Participant: 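I am attaching a structure below and will ask some questions about it afterwards.
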2 protein chains.
Amino acid sequence: MGASKSDHFTEEQNELSILFKALGHPARIAIIQHILSTKSCICGDLVEKFPLSQATISQHLKELKYANIIQGTIEGNSICYCLNPQTLEKLNQVINHFIDSEKCKGTQCC
Amino acid sequence: MGASKSDHFTEEQNELSILFKALGHPARIAIIQHILSTKSCICGDLVEKFPLSQATISQHLKELKYANIIQGTIEGNSICYCLNPQTLEKLNQVINHFIDSEKCKGTQCC
DNA sequence: AAAGTAAATCGTAATATTGCAATATAGTAA
DNA sequence: TTACTATATTGCAATATTACGATTTACTTT
């Protein structure tokens, strides 16, 4: 076998892993960076920007949406995507919690 | 086809995705949380703690090591793993950069 | 309505990940 | 050295991800 034993882990662990997994592909990092570098929200210009087909881009966007990292609104004929600040904030808290816990330990064994 | 067009993306994008991908599995999140919750570095008690075989745990540890999230030192017969603070800090910076860029945009279109 | 445009979905092939039993490796203890 | 213990690696099956052409859906324009 080889998959997702998600029942064996906590709700939080599964949630977090979905979030991180969504960020675990260079194309999706590139999409996020592109959204950040664009003043307005982005629409379908990603297909021209990246060496990936429209279908593939759409699939990556779907995953980012599923993880609540981006959100889209319909804008006439096209769709406008931008980041979800709440999810970014949550991510920030998670990492900070990691760092705080690590510092708190005070052990320096490695 | 169906894989890694990593040539088409920047070094940074590939690096970041490796980092996030390593965090993109509930077992690996659980391992990290366990390391954080343990005062000293952890050794092989993970196998008893999780419903996964020794081989599987070892494989997850290997991925975390590859992404530089954990580091291990040999401690007698067993191995002692703990988190790499530098990688956590890098992760923190990345997320903060995302948040800063987002705030900087000042557009509220979604 | 008909044609055009943009994004999503479907079907499918290639590849990667996950998980484990079995085995190998490396150190410890007798 | 031999037995023991702990972790890593190998080989393989099951599943998931990635990518894209073709198609569908939804909206716009003529």
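Here is how names work: the chains are called A, B, and so on, in the same order as the sequence lines, proteins then strands, and each is numbered from 1. Reckoned from all heavy atoms, side chains included, excluding hydrogens, waters and symmetry mates. These numbers come from a predicted model, not from an experiment.
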Participant: In whole angstroms, how far is the P atom of C:dT5 from the CD1 atom of A:Ile79?
Facilitator: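 In whole Å, C:dT5 P and A:Ile79 CD1 are 18 Å from each other.
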Participant: Check the orientation of A:His34 and A:Phe50. Use parallel for under 30°, tilted for 30 to 60°, and perpendicular for over 60°.
Facilitator: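 Plane angle over 60°, so perpendicular.
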Participant: Anything under 30° is parallel, anything over 60° is perpendicular, the rest tilted; go ahead and classify A:Phe20 against B:Phe20.
Facilitator: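 Parallel: the ring planes of A:Phe20 and B:Phe20 meet at under 30°.
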Participant: Would you mind reading off the distance between B:Phe50 atom CZ and C:dT18 atom P, rounded to a whole angstrom?
Facilitator: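 So the CZ-P distance, B:Phe50 to C:dT18, works out to 15 Å.
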Participant: Of all heavy-atom pairs between A:Ala27 and A:Leu52, which one has the smallest distance, and what is that distance?
Facilitator: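 So the two residues come closest at CB-CD1, 3.8 Å.
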Participant: So if I take residues 57-70 of chain B and measure heavy-atom distances to DNA chain C, which residues fall below 4.0 Å?
Facilitator: B:Gln59, B:His60, B:Glu63
Participant: Between C:dA7 atom P and A:Leu52 atom CG, what is the distance in whole Å?
Facilitator: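 So the two atoms are 15 Å apart, to the nearest Å.
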Participant: Where is the tightest heavy-atom contact between B:Glu63 and B:Ala22, given as atom of each residue plus distance?
Facilitator: O-CB, 4.1 Å
Participant: Which sits closer to the 5' end of DNA chain D, A:Lys21 or A:Ser53, going by the nucleotide each is nearest to?
Facilitator: A:Lys21
Participant: Looking only at side-chain atoms of B:Tyr81, point me to the closest of C:dT18, D:dT7, C:dA8.
Facilitator: D:dT7
Participant: Just by distance, do the side chain of A:Ser101 and the backbone of A:His97 share a donor-acceptor pair under 3.5 Å?
Facilitator: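 Yes.
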Participant: Please determine whether side chain to side chain contact (heavy atoms under 4.5 Å, CB included) holds for the pair A:Leu91 and A:Leu23, giving the CA-CA distance in whole Å, both sets of side-chain angles, and the decisive distance to 0.1 Å.
Facilitator: CA-CA 11 Å; A:Leu91 211 51; A:Leu23 296 169; 3.6 Å; yes
Participant: Would you kindly give the CZ-to-C1' distance between A:Arg28 and D:dA19, to the nearest whole Å?
Facilitator: 12 Å
Participant: Work out which heavy atom in B:Gln33 is nearest to a heavy atom in A:Leu16; give both atom names and the distance.
Facilitator: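 Result for this residue pair: NE2-CD1, 4.3 Å.
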Participant: Tell me the interatomic distance from A:Leu46, atom CG, to C:dA6, atom P, rounded to whole angstroms.
Facilitator: 13 Å
Participant: One character per nucleotide, please: for nucleotides 22-30 of chain C, 5' to 3', B when the base has a protein heavy atom closer than 4.0 Å, S when only the sugar-phosphate does, - otherwise.
Facilitator: B----BS--
Participant: Is the ring pair B:His25/B:His60 parallel, tilted or perpendicular, if the boundaries are 30 and 60 degrees?
Facilitator: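 The arrangement is tilted - the two ring planes meet at 30° to 60°.
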